[in-house]
Number of protein chains: 2
Amino acid sequence: MRYHKIPDETIKRLPRYMRALLLLIKEGRETVSSGKFAELLRANPPQIRKDLSYFGAFGTPGVGYDTKRLFGQIQAILGLDSTPKAALVGLGNLGTALLKYPGFKAYGMHITAIFDSNPEKIGETVGDIKVENVLELSTLKGRNMSLGIITVPAPAAQEIADQLIAAGVNGILNFAPYYLKVPEHVKVITIDIAMELARLTYYLPTKT
Amino acid sequence: MRYHKIPDETIKRLPRYMRALLLLIKEGRETVSSGKFAELLRANPPQIRKDLSYFGAFGTPGVGYDTKRLFGQIQAILGLDSTPKAALVGLGNLGTALLKYPGFKAYGMHITAIFDSNPEKIGETVGDIKVENVLELSTLKGRNMSLGIITVPAPAAQEIADQLIAAGVNGILNFAPYYLKVPEHVKVITIDIAMELARLTYYLPTKT
DNA sequence: TGGTCTTTGTGAATGCGTACTCAATCACTA
DNA sequence: TAGTGATTGAGTACGCATTCACAAAGACCA
Ligand SMILES: NC(=O)c1ccc[n+]([C@@H]2O[C@H](COP(=O)([O-])OP(=O)(O)OC[C@H]3O[C@@H](n4cnc5c(N)ncnc54)[C@H](O)[C@@H]3O)[C@@H](O)[C@H]2O)c1
Ligand SMILES: NC(=O)c1ccc[n+]([C@@H]2O[C@H](COP(=O)([O-])OP(=O)(O)OC[C@H]3O[C@@H](n4cnc5c(N)ncnc54)[C@H](O)[C@@H]3O)[C@@H](O)[C@H]2O)c1
């Protein structure tokens, strides 16, 4: 049913559905059944149907889902139809890699501001964006920026987060290995690469 | 020692515990109670106690957990005490960022081999590692490499994964937005950055 | 237009992980 | 050596997510 509680796990899967749909659309497929779709994603059909059903009835029985329409619908659910703008803070190795990555556009996202504290980097242009001084972070306020990406060293992360939030950002993608303290209305997703790599070794066959 | 089923979520938390313990050790703390520890991690005490209890009794009632000892124990549980070696394939923007990152060592992990297909990159050295031709990937076999890191474009990911597995790797950290098909005994963790960013917009206040 | 086939949408059951609680345990002190 | 206080370890209850199964619904064809 609509407007009831939606599992967080469902939200995590939606962007994956989008990516698979992009592929299907490129292949020229007009419709896809939950069965075929599940095969592509290595998931099971009822999972997909249930996930989608939380938001309404998008499919047609006997046929399946219209690929283009479903893509648009998921995009709308996630709020990507309004092409949110993101500010990146910390033009280091990781920040640079993110900026050079072309894959974000396909979903309707854009990084439109860059900040750093290093005087050598300030003023530089990456793509067509000029690197600004982190001290001017508050100037973001009028620029309708809804997302922040933190790629500064861990000790600076909390301070940057506070400033981003003060500037009106209410979603933060954090790469620093630090657990940010933020107000209720702000959502933080931390990607902790070292943690994932560490976890991976657990699953290796024990060699003793 | 409990050899019953351990929740995957528990395994995901263990590396975070390690990081927090590193901090405590640096601060000179000898012991920590589950209460203090939970506060630091913004988690709740019973969760931590339960997680640890799956592997045995590490704490002393009335006192708490010995920080150094617990760090070593978690390290052992994860298999990081044997300092697993990792091979990275795809020395692009992301691959370079990972190689320059010093944070992996603290957990007991090392990237000790690099492969790429670009002739300009082959032969180059990064840190003290020489970049090898991806066609020579099979030479990994004798080098006791247990982990692979994939930072090549998505269309090449499956092929690289197959070759890594053939060379004896059985844990893969994959950054390519592609869902790899691997044998039963191989564990894959995919970090899909674009997906996380896309998901983030869902939680933003709907502005209409 | 009626019948059949396919596939959806969802109520119900199952299974898993988290949160709670409390007796058992250990250090410390007198 | 016995008493006190703090904290663990785990059995239990709860809640959420996944899986299952089936009735309702549209498409297609005779
Ligand atoms: N590179 C990786 O592979 C990797 C892996 C795991 C985690 N991380 C984390 O990601 C973050 C960035 O990593 P990196 O490798 O890009 O580091 P980096 O040192 O290359 O880049 C950090 C950048 O932030 C800038 N900076 C520092 N303090 C700042 C401040 N107060 N305000 C604004 N800018 C500031 C620096 O000038 C630099 O450009 C770190 O927190 C790191 O722990 C990185
Ligand atoms: N950079 C990011 O921020 C980012 C974000 C999300 C996902 N990703 C994914 O991570 C992967 C790497 O991204 P990137 O930005 O570093 O890309 P990149 O193009 O900078 O680097 C790719 C590297 O792989 C090498 N390569 C290509 N084909 C190869 C092959 N068959 N064998 C060996 N090496 C090969 C190239 O020579 C290059 O050095 C991609 O799959 C990308 O989709 C990157």
Side-chain angles (χ1 to χ4, degrees), chain A residues 1-17 20-21 24 29-71 73-74 77 179 199 202-203, chain B residues 1-17 20-21 24 29-71 73-74 77 179 199 202-203:
Chain A
M1 261 345 258
R2 277 199 103 95
Y3 300 130
H4 285 105
K5 252 251 303 269
I6 290 145
D8 208 56
E9 296 300 313
T10 293
I11 303 302
K12 285 186 190 169
R13 283 188 289 268
L14 292 182
R16 307 205 329 210
Y17 295 170
L21 285 166
L24 289 168
R29 280 194 80 128
E30 298 277 327
T31 62
V32 66
S33 70
S34 65
K36 287 273 173 209
F37 202 49
E39 202 181 317
L40 193 67
L41 284 155
R42 316 204 200 296
N44 49 351
Q47 176 86 271
I48 291 171
R49 290 204 299 274
K50 180 129 241 166
D51 282 346
L52 297 175
S53 76
Y54 285 121
F55 305 99
F58 297 148
T60 36
V63 177
Y65 299 90
D66 180 300
T67 51
K68 280 188 195 144
R69 214 167 65 101
L70 186 58
F71 182 85
Q73 275 155 335
I74 297 179
I77 290 164
Y179 298 95
R199 177 165 78 91
Y202 173 78
Y203 302 95
Chain B
M1 284 275 221
R2 287 273 171 295
Y3 281 114
H4 290 108
K5 251 242 317 255
I6 290 143
D8 208 58
E9 297 299 314
T10 294
I11 302 302
K12 286 187 189 171
R13 283 187 290 267
L14 293 182
R16 304 201 338 207
Y17 295 167
L21 284 167
L24 290 169
R29 283 195 79 131
E30 298 277 329
T31 61
V32 66
S33 71
S34 64
K36 288 272 172 209
F37 203 50
E39 202 180 316
L40 192 68
L41 284 155
R42 315 201 200 300
N44 49 350
Q47 175 87 270
I48 290 171
R49 289 204 300 275
K50 182 126 238 163
D51 281 347
L52 296 176
S53 75
Y54 284 121
F55 304 99
F58 298 148
T60 36
V63 177
Y65 300 89
D66 180 299
T67 50
K68 279 187 197 145
R69 216 169 61 100
L70 186 58
F71 182 85
Q73 274 154 336
I74 297 180
I77 291 165
Y179 297 97
R199 179 164 78 92
Y202 174 78
Y203 302 96

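All of these numbers come straight from a predicted model, not from anything done at the bench. Throughout, protein chains are lettered first and strands after them, A, B, ... in sequence-line order, and every chain is numbered starting at 1.
- Contact annotation: B:Ser34 does not reach the phosphate of D:dT7 (side-chain N/O to OP1 or OP2, under 4.0 Å).
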Exercise for review: Scan nucleotides 21-30 of chain C nucleotide by nucleotide, 5' to 3', and note B when protein non-hydrogen atoms come under 4.0 Å of the base, S if they reach only the sugar-phosphate, - if neither.
Suggested key: B---BBS---
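- In this structure, NZ on A:Lys68 lies 12.0 Å from CG on A:Leu24, to the nearest 0.5 angstrom.
- Interatomic distance, A:Leu14 CG to A:Phe55 CZ, rounded to the nearest 0.5 Å: 5.0 Å.
- Applying the 4.0 Å criterion to OP1 and OP2 of C:dT18, one finds that B:Tyr54 has every side-chain N and O outside that range.
- You'll find that the side chain of B:Pro7 is closest to C:dG17, out of C:dG17, D:dT8, C:dT10.
- Within the 4.0 angstrom heavy-atom criterion, no nucleotide atom of any strand lies near A:Thr10.
- Using a 4.5 Å cut-off on side-chain heavy atoms (C-beta onward), B:Asp8 and A:Arg199 make contact.
- The NZ atom of B:Lys50 sits 10 Å away from the C1' atom of C:dA19 (whole-angstrom rounding).
- Distance CZ (A:Phe55) to C1' (C:dG9): 15 Å, rounded to an integer number of Å.
- The shortest distance between side-chain heavy atoms of A:Leu52 and A:Phe37 does not fall below 4.5 Å.
- Between B:Leu41 and B:Ile48, some side-chain heavy-atom pair lies under the 4.5 Å cut-off.
- Listed for the A:Arg49 side chain is no donor-acceptor partner under 3.5 Å among the backbone atoms of A:Gly59.
- At whole-Å resolution of the value, NZ in A:Lys36 and P in C:dT6 are 13 Å apart.
- Close to D:dT19, at under 4.0 Å from its OP1 or OP2, lies a side-chain N or O of A:Gln47.
- One atom, CD of B:Glu9, and another, P of D:dA17, lie 12 Å apart when rounded to the nearest Å.
- Straight-line distance from the CZ atom of A:Arg13 to the P atom of D:dT19: 8 Å, rounded to whole Å.
- If you take CD1 of B:Ile6 and P of D:dA10, they are 13 Å apart, rounded to a whole angstrom.
- Rounding to the nearest 0.5 Å gives a distance of 7.5 Å between CZ of A:Arg13 and CZ of A:Arg16.
- Among C:dA19, D:dT19, D:dT8, the nucleotide with an atom closest to any side-chain atom of B:Tyr65 is D:dT8.
- Here the C1' atom of nucleotide D:dT18 and the CG atom of A:Asp8 are 15 Å apart, to the nearest Å.
- Rounded to an integer number of Å, the gap from CD of B:Glu30 to C1' of D:dT7 is 18 Å.
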